[in-house]
Amino acid sequence: SAMDRGDVQVESAWFPPIPMGFAETNLPEAFRPPTWLASSRMRTEGGFERVGGIETPFAPLSTPVPVATAEPALNSWHRHLLGTDSLGRDLLARLLWGARSSLLVGFASAVLLSLLGVAFGLCAGWFGGLVDVAISRTIELVLCFPAFVLVLCAMFFVDPRIVPPIVSVALVIGIVGWTTVARLVRAECLRLRELEFVSAARALGLTELRIVWRHVLPNAIGPAIIAFSFAIGSAILTESALSFLGFGVQAPVPSWGSLVSDSRSPDHAWIWIFPGLCIFAAVAGSNLLGEALRDALDPRHER
């Protein structure tokens with residue numbers, strides 16, 4: 001701003017590749033298509049140019065468009081590579097910033113549910129008896145309700161003024177999503193505790209805690225690692241759905257789900273196509289990682 005006003009004289013400067021902030025609004029460029037499209041060309045005095053004798057219908061404003069010093073020219077092909085949203089905010093900047101929110105929720109919630117699942121699964125599989133019955137009935141009770149409904153109910157009681165929305169979303173997804181990991185680890189622990197190396201460890205006088213920590217857990221963690229990679233994609237989808245409905249990360253901080261919900265009109269298809277592709281790529285990548293880990297960690301898999 002100081003450079004635009006002439007208060008600062010600059011001989012040379014380095015600017016970021018995307019000079020627009022994720023919350024920086026520019027109403028005259030609202031709903032501007034990606035600038036590498038011919039339909040995105042604008043006049044300096046505002047409004048879109050006519051393409052083939054027909055004026056493009058995307059933006060209704062005819063207000064002069066301000067171009068800051070660090071920004072590309074008004075009709076430069078790389079000014080808004082992915083277009084703008086309803087407030088003229090650069091979609092690429094918001095998409096990159098939204099990746100922080102969506103991926104953070106995905107990884108944090110996957111770590112939390114994996115830790116809870118491993119802990120409860122080990123306890124149920126190793127101790128058995130009443131402990132196994134109590135944990136198994138708890139798992140069945142949680143599985144009776146759709147996970148997304150449980151997340152919505154939990155989000156309703158979380159005060160965003162006390163707990164930041166991005167933290168509460170990750171916590172809630174992790175707390176209600178541990179059941180699958182717990183069942184996998186429990187089943188593996190039930191198998192391992194009957195094997196000879198566990199009996200040998202007991203014969204050598206090792207404590208129960210040492211046997212579980214040093215011998216059972218390393219052999220039972222394989223299914224949990226695979227479930228962790230799949231849980232990342234599932235958590236990203238859940239967070240995106242919550243943000244799409246308005247219960248996730250709150251404005252102006254973006255996430256991929258909230259970006260999709262900014263416009264549902266086919267005239268503004270770029271607003272939901274590009275975030276949707278990012279969600280698809282992240283979920284597909286986590287699923288492919290899970291399949292690769294399954295092939296690598298499964299001793300019965302034929303290579």
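Everything quoted here is computed from the prediction, not taken from an experiment.
- Under the 4.5 angstrom side-chain criterion for Ile, Leu, Val, Met, Phe, Trp and Tyr, Leu209 has no cluster partners at all.
- Residues passing the side-chain hydrogen bond (donor to acceptor under 3.5 Å, both in side chains) test with Ser263 are His268, sequence neighbours excluded.
- Under a 4.5 Å side-chain heavy-atom criterion applied to ILVMFWY residues, the cluster that includes Met20 comprises that residue alone.
- Residue pairs meeting the salt bridge (Lys or Arg N to Asp or Glu O under 4.0 Å) criterion with at least one member in residues 70-79, sequence neighbours excluded: Glu29-Arg79, Glu71-Arg79.
- Considering only residues two or more places apart in sequence or on other chains, Trp256 meets the ring pair (Phe, Tyr, Trp, His ring centres under 6.0 Å) condition with none of them.
- By the side-chain contact (heavy atoms from CB on, under 4.5 Å) test, Asn287 is found to be paired with Phe230, Val283, residues two or more places apart in sequence or in another chain being considered.
- The other members of the hydrophobic cluster of Phe15, by chain and number, are Met3, Val8, Val10 (side-chain heavy atoms under 4.5 Å, ILVMFWY only).
- Annotation: salt bridge (Lys or Arg N to Asp or Glu O under 4.0 Å) contacts involving residues 87-104, sequence neighbours excluded, comprise Asp85-Arg89, Asp85-Arg94.
- With sequence neighbours left out, the side-chain hydrogen bond (donor to acceptor under 3.5 Å, both in side chains) criterion links Ser243 to Glu239, Ser255.
- Annotation: side-chain hydrogen bond (donor to acceptor under 3.5 Å, both in side chains) contacts of Thr138 (sequence neighbours excluded): none.
- Scanning for side-chain contact (heavy atoms from CB on, under 4.5 Å) contacts around Val212 gives Leu122, Trp126, with sequence neighbours left out.
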Review item, side-chain donor-acceptor pairs of residues 175-185, under 3.5 Å, at least two apart:
residue	atom	partner	partner atom	Å
Trp178	NE1	Ile175	O	2.8

